[in-house]
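Numbered from 1 within each chain, the chains take letters A, B, ... in sequence-line order.
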2 protein chains.
Amino acid sequence: MVLITVDHNSKIPLYRQIREQIIREITAGNLKPGESLPPSRLMAGMLEVNFHTVNRAYECLRDEGLIKLSRGKKYTISSAVRSPKDMEDFETIERAVIAEALAKGLDATDIMQIVKKQLRTQKHVRS
Amino acid sequence: MVLITVDHNSKIPLYRQIREQIIREITAGNLKPGESLPPSRLMAGMLEVNFHTVNRAYECLRDEGLIKLSRGKKYTISSAVRSPKDMEDFETIERAVIAEALAKGLDATDIMQIVKKQLRTQKHVRS
DNA sequence: TATATGTTCTATATGATATAGAACAATGAG
DNA sequence: CTCATTGTTCTATATCATATAGAACATATA
């Protein structure tokens, strides 16, 4: 079972928080390809949010190719496919994030150190 | 002189676009510490946006410590100070960005390659 | 058939975004 | 000193995103 929480006081939209936590569970290896997510109404009950909000998170993940609808109308984790578009998206975001870090005085060493640490912490293989 | 453009059709708020372009100019070395930004009313005229919108971007950058008000009521580029909080902020963002990349199937090699490329492209020293 | 589940539609409330105008305080130029 | 410049603050309005809510529908499983 997946443990997900949301912060109603955060400035980050609820559906985004849900989406990002699911992504976190995938990279942590707690959600593996083929496993299914809880029904939106059930997930909504646990998180104490409206089921439309959970649905929106699921729709995002589906549009991003991270989950897909399968038999029984359940969303299941997709097998990851490294696509050129995903590479471009990552590069675009990374460009902005690194620009901000550099502007704030971090140097290449600081940045490399943090990136390596995150890769070490998060790296998991998907079948 | 700094060349900045905004896209009125983008989903990214205008004041964010302005803020990010200024950050880009700083890391590109086109804006150096001590140099001043155009008055908000002038910048607004060039960008064809309201001057309150430019003001909001300037306020963001001021709150982030990237610019400061100096004599003549002009905003000037600050000298970068690498603070622990900035390191933490970067790590928080990087954690989420890398999680998404990994979830989409990119591997550590892909990520390192793109990060290194961005550092190579953007790295500039600030006095 | 009956239940579960995602989907679609309408509706409402709140906050963020963007524009706008007016007035004020502090600063530098003349 | 006087005046224009510039950032700041206030009110106001319009639009869009977010979040909740309820209802009805289609499909798949039991």
Test B:Ser83 against B:Asp86 for side chain to side chain donor-acceptor pair (under 3.5 Å), laying out the working first. CA-CA 5 Å; B:Ser83 79; B:Asp86 292 334; 3.1 Å; yes
Calculate the interatomic distance between [X] atom [atom1] and [N] atom [atom2]; express it in whole Å.
X       : N      : atom1 : atom2 : value
B:Asp63 : D:dG7  : CG    : P     : 15 Å
B:Arg56 : C:dA20 : CZ    : C1'   : 13 Å
A:Phe51 : D:dG22 : CZ    : P     : 10 Å
A:His8  : C:dG15 : NE2   : C1'   : 16 Å
B:Glu48 : C:dA18 : CD    : C1'   : 15 Å
A:Tyr75 : D:dA28 : OH    : C1'   : 15 Å
A:Asn9  : D:dT18 : CG    : P     : 18 Å
A:Arg41 : D:dT20 : CZ    : P     : 15 Å

Counting just side-chain N and O atoms, does A:Thr53 come under 4.0 Å of either OP1 or OP2 of D:dT18?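 Indeed not, no polar side-chain atom of A:Thr53 lies that close.
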[X] side chain, from C-beta outward: closest of [options]:
X       : options               : result
A:Asn50 : D:dT6, D:dT20, D:dT8  : D:dT20
A:Ser40 : D:dT8, C:dA18, C:dG6  : C:dG6
A:Asn55 : C:dA26, C:dT7, C:dT19 : C:dT7

A:Glu94 pairs by side chain to side chain contact (heavy atoms under 4.5 Å, CB included) with which of B:Ile111, B:Leu119, B:Val115?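 Result: among B:Ile111, B:Leu119, B:Val115, B:Val115 is the only option passing the side chain to side chain contact (heavy atoms under 4.5 Å, CB included) with A:Glu94.
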Does any N or O donor sit under 3.5 Å from an N or O acceptor when you compare the side chain of A:His52 with the base of C:dG6?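 Answer no: no donor N or O sits under 3.5 Å from an acceptor.
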5'-most by nearest nucleotide on DNA chain D - B:Leu42 or A:Pro13: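 The 5'-side residue here is B:Leu42.
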Pick the nucleotide of DNA chain D nearest each of A:Leu14 and B:Tyr58; which residue has the one closer to the 5' end?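 The residue whose closest nucleotide sits nearer the 5' end is B:Tyr58.
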Scan A:Arg71 against the nucleic acid and name what it touches under 4.0 Å (heavy atoms): base, sugar-phosphate only, or nothing.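 Sugar-phosphate: the residue A:Arg71, judged by heavy atoms under 4.0 Å, touches backbone atoms but no base.
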Base, sugar-phosphate, or nothing: which does B:Arg62 touch, judged by heavy atoms less than 4.0 Å apart?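 Here B:Arg62 touches the backbone only, sparing every base.
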Is A:Asp89 paired with A:Lys85 through a side-chain N to carboxylate O contact shorter than 4.0 Å?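 A salt bridge is present here (some side-chain N lies under 4.0 Å from a carboxylate O).
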B:Leu37 versus B:Tyr58, closest heavy-atom pair with distance: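 Heavy-atom minimum between the residues: CB-OH, 3.7 Å.
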Please identify which of these residues, B:Gln122, B:Lys116, B:Arg120, meets the side chain to side chain donor-acceptor pair (under 3.5 Å) condition with B:Gln118.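 It is B:Gln122, the one option of B:Gln122, B:Lys116, B:Arg120 that forms the side chain to side chain donor-acceptor pair (under 3.5 Å) with B:Gln118.
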